[in-house]
Chemist: 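Take this structure, written in C-alpha cells, and hold onto it; I'll ask about it next.
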Amino acid sequence: MKKNITIILASICLFFSAFKLADFPETEITNGIIDAKLYLPDPENGYYRGTRFDWAGVVPSLTYKGHSYFGQWFPKYDPKLHDAISGPVEEFTPLGFDEAKIGEEFLKIGVGTLVKPNDKKYSFATTYDIKNAGKWTVNKKKDLVEFTHELKDGAGYSYLYKKTVRLVKGKPDMVLEHTLKNTGSKSISTSVYDHNFVMIDNEPSNQNIRIVFPFDVIGEGQGFGSIINVNGKTLNYSRQIQKGDQVFSSGLKGFGPVAKDYDIRIENTKTGAGVRMTSDHPLEKLVYWACPTTSCPEPYIKLAAEPGQEVKWKINYEFYTFQPE
C-alpha cells in the first residue's frame with residue numbers, strides 16, 4: 001500500500017514539475033497607468049502555435065484602474081488550437097490558397113506558409129502544417145514590444161512585417177502599430193481584422209455588456225432579435241448567453257467608407273469600465289461574434305502592397321472608466 005502511495009505521489013510530482021517547465025515565453029509592459037502581459041512567438045515553446053491568428057501581440061492580461069480587460073475565455077487549451085488565444089489578436093486572410101494544388105503552400109501573414117492538405121475550402125478552424133515559419137525577432141522595452149516577422153520565398157511571397165504593441169506615455173491607451181513591406185515579386189492583397197476577445201472584469205456576455213458604434217447599426221444573424229438586440233447605435237443583450245449558444249453576424253451594416261466609422265466601444269455597465277477601439281483606416285467589413293464568456297466585434301480593413309511597396313496602419317485601444325449604472 002505504502003509503495004503504491006509513493007508511486008502515485010512521485011507521479012504527481014513529476015507531472016507538476018513537467019508542467020512548471022512548460023512556461024511560455026512572455027514579457028510584461030507598463031506605462032505606469034496600464035499593465036499588460038504578452039506572450040511571445042516561438043515555434044517550439046510559444047503559447048500560441050496555431051495557424052489562424054498572427055503570432056505577434058497575444059495579450060493574456062491587461063489591467064487599468066483595477067479593471068481587467070482580457071483573459072482566457074475558452075475552456076480547452078491546446079497550443080495548436082485555432083482559437084486558444086486571447087486579447088486583441090489579428091488574422092490575415094490567406095494568400096494563394098485557391099491557386100495552390102494539394103501538397104503545395106499558401107501564405108498566412110504573421111504565421112508563415114502552410115501546406116494545403118486536400119481539395120476542401122480554406123477553414124480557419126483547421127490546423128495546417130507549417131512549411132516555412134519565417135524568422136521572428138522580438139525587441140522588448142518597458143512600455144512596448146516590437147515584433148518583426150521576416151518571410152523569404154514563401155509560396156512565392158516575401159515580406160517584412162513589423163508590429164509594435166505600445167502603451168502611450170501618460171495615457172490609458174495601447175496602440176498597435178503595423179508595417180508590412182512586400183519584398184517579393186508577387187502582389188499582396190489581403191484583409192486583416194482584430195478579433196478582440198474582450199472580457200471586461202470577467203463579466204459574462206449578458207445585459208451588463210453593451211457595444212456602441214458612431215452610426216446607426218444594422219445587424220442580423222444568429223441570436224439577433226432573441227439574445228441580442230439592435231438599439232440605434234448600440235447592441236444590447238436581452239439575456240445572458242448560455243452554454244451552447246452563440247451570437248453571430250457575418251456583417252453589421254451602417255458604416256461608411258471613412259476611418260471615423262472605425263470607432264467601437266465595449267462597456268461593462270455593472271463595473272463602469274470600457275474600451276474604445278479606433279483606427280486610421282476605414283472599415284471594410286464588421287463581423288460580430290459572442291459566446292458566454294466574451295463579446296467580440298471583428299473590424300476588417302483592406303491592405304494591398306505591390307512588390308517593393310510598404311503599407312502602414314494603426315489600431316488604438318483607449319481604456320476608461322465611468323459611473324456604473
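Positions are given from 1 along the sequence. Keep in mind that what you see is a predicted model, and the values were worked out from it rather than measured.
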Chemist: Where does the angle between the aromatic ring planes of Trp73 and Trp289 fall among parallel (under 30°), tilted (30 to 60°) and perpendicular (over 60°)?
Modeler: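 If you compare the ring of Trp73 with that of Trp289, the planes turn out perpendicular.
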Chemist: In a check of side-chain hydrogen bond (donor to acceptor under 3.5 Å, both in side chains) between Tyr317 and each of Asp173, Asp194, Thr278, which one passes?
Modeler: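 Single side-chain hydrogen bond (donor to acceptor under 3.5 Å, both in side chains) partner of Tyr317 among Asp173, Asp194, Thr278: Asp194.
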Chemist: Should the ring pair Phe53 and His195 be called parallel, tilted or perpendicular, given that the plane angle runs from 0 to 90° and is split at 30 and 60?
Modeler: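 Rings of Phe53 and His195: perpendicular, over 60°.
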Chemist: Within the 3.5 Å criterion, strictly below it, is a donor on Tyr237 or Ser295 matched to an acceptor on the partner's side chain?
Modeler: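 Checked: Tyr237/Ser295 side chains pair up, N/O donor to acceptor below 3.5 Å.
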Chemist: Output all residues satisfying salt bridge (charged side-chain N to carboxylate O under 4.0 Å, His left out) with Glu267, sequence neighbours left out; order by chain, then residue number.
Modeler: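 Residues passing salt bridge (charged side-chain N to carboxylate O under 4.0 Å, His left out) with Glu267: Arg210.
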Chemist: Using 30° and 60° as the class limits, which term best fits the ring planes of His149 and Trp136: parallel, tilted or perpendicular?
Modeler: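 Correct class here is parallel.
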Chemist: On the six-membered ring of Tyr157, is Lys186 placed so that its NZ or CZ lies under 6.0 angstrom from the centre and within 45° of the ring axis?
Modeler: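 Yes - Lys186 lies over the ring of Tyr157, closer than 6.0 Å to its centre and within 45° of its axis.
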Chemist: Report the residue from Asp201, Ile33, Asp35 that forms a side chain to side chain contact (heavy atoms under 4.5 Å, CB included) with Thr63.
Modeler: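 That would be Asp35.
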Chemist: Is the NZ or CZ atom of Lys116 both under 6.0 Å from the centre of the six-membered ring of Phe106 and within 45° of that ring's axis?
Modeler: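 Negative - Lys116 is either too far from the ring of Phe106 or too far off its axis.
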Chemist: Kindly check if the number of other-residue, nucleotide or ligand heavy atoms within 6.0 Å of CG (Asn231) is above 12?
Modeler: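 Atom CG in Asn231 is crowded, with more than 12 foreign heavy atoms closer than 6.0 Å.
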Chemist: Spell out, as yes or no, whether a donor-acceptor pair under 3.5 Å connects the side chain of Thr294 to the backbone of Val198.
Modeler: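 Pair found, side chain donor or acceptor close to backbone of Val198.
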Chemist: Check whether any side-chain N or O of Glu105 sits under 3.5 Å from a backbone N or O of Leu114 as a donor-acceptor pair, and report yes or no.
Modeler: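 No: the side chain of Glu105 does not pair with the backbone of Leu114.
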Chemist: Of all heavy-atom pairs between Val138 and Lys140, which one has the smallest distance, and what is that distance?
Modeler: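 Residues Val138 and Lys140, closest heavy atoms: CG1-CG, 3.7 Å.
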Chemist: Quick one: do Asp143 and Arg166 make a salt bridge, cutoff under 4.0 Å?
Modeler: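 Judged by the 4.0 Å cut-off on N to carboxylate O distance, Asp143 and Arg166 do not form a salt bridge.
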Chemist: Taking the ring of Tyr288 and the ring of Phe213, is the distance between their centroids below 6.0 Å?
Modeler: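 No, they do not, as the ring centres are separated by 6.0 Å or more.
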Chemist: Any donor and acceptor pair, going by atom type alone, linking the side chain of Asn182 with main-chain N or O of Ala305 inside 3.5 Å?
Modeler: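 Indeed, once roles are kept as given, a pair shorter than 3.5 Å links the two residues.
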Chemist: Using 0.5 Å steps for rounding, measure from the CG atom of Leu38 to the CZ atom of Phe70.
Modeler: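 Here the interatomic distance stands at 10.0 Å.
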Chemist: Knowing that exactly one of Tyr64, Phe197, Phe319 qualifies, which makes a ring pair (Phe, Tyr, Trp, His ring centres under 6.0 Å) with Tyr69?
Modeler: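 Testing each of Tyr64, Phe197, Phe319 against Tyr69, the sole residue satisfying ring pair (Phe, Tyr, Trp, His ring centres under 6.0 Å) is Phe319.
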Chemist: Output yes when a side-chain donor or acceptor of Lys270 lies under 3.5 Å from a complementary backbone atom of Asn208, and no otherwise.
Modeler: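 No.
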Chemist: Does the distance from a Lys or Arg side-chain N to an Asp or Glu carboxylate O, for Arg52 and Glu91, drop under 4.0 Å?
Modeler: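 Salt bridge: yes.
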Chemist: Would you say Thr51 and Thr127 are linked by a side-chain donor-acceptor pair, where the criterion is simply a distance under 3.5 Å?
Modeler: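 Absent: no donor and acceptor within the cut-off.
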Chemist: Looking at Gly50, is its backbone amide N or carbonyl O close enough to the side chain of Trp55 to form a donor-acceptor pair, meaning the two atoms are under 3.5 Å apart?
Modeler: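 Looks like yes, one N/O pair under 3.5 Å.
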